[in-house]
Every structure is written in structure tokens, then in C-alpha cells.
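Notes for the one structure printed next.
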Amino acid sequence: MVAVQTKLPTQVCHVRSTNMTENTDHTQLCEWLKAVAENRCKISFTHLFKFFAPKIQRIARSKFPNEAQAHEVVQDTMSNVWRKAHLFDSNKGAATTWVYTVMRNVTFDLLRKIKNNREDNLSDDIWPIAENAVAEDHSYEDHLENKQLLRVIEALPVPQQEVVKGFYLMEMSQEQLASHLNLPLGTIKSRLRLALVKMKVQLGEEHD
């Protein structure tokens with residue numbers, strides 16, 4: 001990950017300094033954000049980082065199982081604060097609200113990435129088992145026609161069958177399936193995940 005302060009300009013700006021305490025007021029935070037937005041002020045950004053980073057770290061630790069992920073939330077949040085400070089409008093809300101909104105978006109993105117990685121890993125885990133089963137049967141050239149694999153798919157509940165056939169046999173994306181079946185993307189992901197678990201168990205049992 002690119003460090004927050006990589007290639008920051010060396011320009012020095014004049015900002016009011018203060019002790020970094022929990023009582024740092026809204027006006028001061030707004031001044032620092034404005035200095036970052038208008039002057040790319042490293043000093044102001046350092047004040048913001050020292051004020052927000054420990055708080056973001058504490059919140060992130062409650063959301064993620066390891067320190068590296070919590071640290072990633074801090075770094076990505078403060079990187080976005082540096083890049084998007086010009087979007088902050090003190091007339092529309094507090095600086096703390098704006099920064100925590102940035103943090104929330106970063107957190108959601110990371111949670112989605114972790115969830116998708118888990119689904120991808122599950123998919124990578126199940127399909128080699130299916131392909132190994134196919135390799136043992138030379139009756140068909142196309143592995144999608146393998147009776148054993150299709151039998152396992154057909155044993156799934158119909159909603160899960162639809163998703164598996166669309167995703168693997170018709171090579172539709174999860175987004176295309178959601179549109180085709182008129183279902184939320186989250187439902188598609190959930191059905192695919194449940195189906196793959198069942199298929200893994202079934203194929204594993206048949207090849208023990």
C-alpha cells in the first residue's frame with residue numbers, strides 16, 4: 001500500500017498549532033482540512049492524522065480480526081482524507097462526521113473484498129474436485145456433460161441450481177445472474193456459496 005505521505009509537496013503552510021487532545025474543537029479540525037485542501041499542507045495533515053488515526057484504529061479493530069486489516073483501514077481512510085479534503089464543506093457538517101464517513105466507506109469496501117475473496121477461494125476449492133471427478137470418466141469430451149457433476153448439481157434446491165448453472169455452465173457473471181433472475185446481488189452470492197458448500201461435500205464423499 002502506498003504510504004499516505006508519499007510525494008507530498010514540501011510547501012510549508014501557516015496553521016495554528018494545538019495540543020492533540022480529545023477536546024480539539026470543530027473549528028480547528030476545519031482549519032486543518034481547509035489547509036490540506038487548499039495548500040496541500042503537510043503540517044495540517046499531520047495534525048489530522050494524529051487526531052483521527054488512533055480513533056479509526058480502535059474502531060477498525062472491532063470490525064476486523066487482525067491488526068493488518070485494521071491498519072489498512074487507517075491508511076486508506078487517511079489517504080482519502082488527503083486526496084479528497086476539497087470535498088469537505090464545514091457548512092454541511094462536522095469534520096469528524098466527514099472523516100468517519102470516509103472511514104465507513106473504506107471499511108465497507110474492505111469487508112466486501114474479504115467476502116469476495118472467501119467466495120473466490122471456495123469456488124477455487126470446489127471446482128478442482130469436480131474436474132478431478134470428470135477426469136476419471138472419459139465418456140465425454142466436454143466436462144460440463146459429465147453425468148456425476150450434473151447429478152450433484154441437479155440434487156441442489158432449484159434456486160441454487162439456477163445460480164450454479166448460470167455461473168459455471170453458462171458462464172454468466174454474478175451481476176448478470178442478478179439481473180437475469182431479478183434478484184439482489186447479495187442473494188446470488190449467498191445461493192452460490194451455499195451451493196458450492198453442498199457440492200464440495202457431495203463430490204468429496206463420492207471420491208473418498
Side-chain angles (χ1 to χ4, degrees), residues 1-2 56 59-60 62-66 68-70 72-77 79-81 83-84 86-89 92-93 97-137 139-207:
M1 180 179 297
V2 178
I56 295 171
I59 297 172
S62 70
K63 304 289 184 182
F64 297 95
N66 64 61
Q69 290 167 336
E72 184 174 350
V73 172
V74 175
Q75 292 297 314
D76 285 357
T77 298
S79 292
N80 286 338
V81 169
R83 291 187 295 105
K84 299 179 180 180
H86 63 284
L87 299 177
F88 170 68
D89 185 346
K92 294 183 178 180
T97 301
W98 184 77
V99 172
Y100 290 142
T101 299
V102 173
M103 179 199 68
R104 182 188 63 187
N105 293 337
V106 168
T107 300
F108 285 165
D109 287 344
L110 183 56
L111 287 171
R112 278 194 295 267
K113 182 170 71 173
I114 292 171
K115 181 179 179 181
N116 289 337
N117 285 342
R118 286 173 179 168
E119 291 175 352
D120 291 342
N121 290 338
L122 180 58
S123 176
D124 291 342
D125 196 24
I126 173 66
W127 221 243
I129 297 176
E131 290 179 343
N132 287 337
V134 172
E136 296 173 1
D137 185 349
S139 301
Y140 302 97
E141 293 182 358
D142 188 344
H143 76 278
L144 298 181
E145 296 177 1
N146 179 264
K147 290 183 179 180
Q148 185 176 28
L149 179 58
L150 291 178
R151 185 172 65 249
V152 172
I153 294 175
E154 293 293 342
L156 295 170
V158 173
Q160 294 174 18
Q161 283 186 44
E162 292 176 337
V163 174
V164 171
K165 289 178 178 179
F167 189 72
Y168 287 105
L169 307 189
M170 298 172 64
E171 298 185 350
M172 298 173 69
S173 69
Q174 294 182 15
E175 290 76 10
Q176 289 172 328
L177 276 170
S179 176
H180 177 68
L181 298 174
N182 194 28
L183 291 170
L185 181 58
T187 300
I188 297 296
K189 290 178 178 292
S190 177
R191 289 182 181 178
L192 180 61
R193 182 169 60 251
L194 290 172
L196 292 176
V197 169
K198 292 178 182 179
M199 290 175 65
K200 180 178 180 181
V201 171
Q202 187 66 29
L203 288 170
E205 288 177 351
E206 294 187 7
H207 289 83

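We count residues from 1, following the sequence as given.
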In Å and rounded to the nearest 0.5 Å, what is the [atom1] to [atom2] distance from [X] to [Y]?
{"X": "Gln176", "Y": "Leu185", "atom1": "CD", "atom2": "CG", "answer": "11.5 Å"}
{"X": "Leu111", "Y": "Lys63", "atom1": "CG", "atom2": "NZ", "answer": "8.0 Å"}
{"X": "Leu177", "Y": "Thr187", "atom1": "CG", "atom2": "OG1", "answer": "12.0 Å"}

Minimum heavy-atom separation for [X] to [Y], with atom names?
{"X": "Val73", "Y": "Met103", "value": "CG1-CG, 4.0 Å"}
{"X": "Val106", "Y": "Asp76", "value": "CG1-CB, 3.6 Å"}
{"X": "Glu154", "Y": "Lys165", "value": "OE2-NZ, 2.8 Å"}
{"X": "Ile56", "Y": "Val99", "value": "CD1-CG1, 4.3 Å"}

Val81 vs Phe88, test: side chain to side chain contact (heavy atoms under 4.5 Å, CB included). Steps then yes/no.
CA-CA 9 Å; Val81 169; Phe88 170 68; over 6 Å; no
Kindly indicate whether the side chain of Lys84, heavy atoms from C-beta on, has any atom under 4.5 Å from the side chain of Val102.
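No, side chains not in contact.
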Would you indicate whether His180, at its atom NE2, is surrounded by more than 12 heavy atoms from other residues, nucleotides or ligands within a distance under 6.0 Å?
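Open: at most 12 neighbouring heavy atoms sit under 6.0 Å from NE2 of His180.
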Expected output: side-chain [X] to main-chain [Y] donor-acceptor under 3.5 Å:
{"X": "Thr101", "Y": "Thr97", "answer": "yes"}
{"X": "Gln160", "Y": "Arg191", "answer": "no"}
{"X": "Ser62", "Y": "Ile59", "answer": "yes"}

Among residues at least two apart in sequence or on other chains, which ones pass side chain to side chain donor-acceptor pair (under 3.5 Å) with Arg104?
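Arg104 satisfies side chain to side chain donor-acceptor pair (under 3.5 Å) with no residue once adjacent residues are dropped.
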Can you list everything that forms a side chain to side chain donor-acceptor pair (under 3.5 Å) with Glu162? Sequence neighbours excluded, please.
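Expected list: none.
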Considering residues at least two apart in sequence or located in another chain, which fulfil the ring-ring contact (aromatic ring centres under 6.0 Å, His included) criterion with Phe64?
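Per chain and number, Phe64 pairs via ring-ring contact (aromatic ring centres under 6.0 Å, His included) with no residue.
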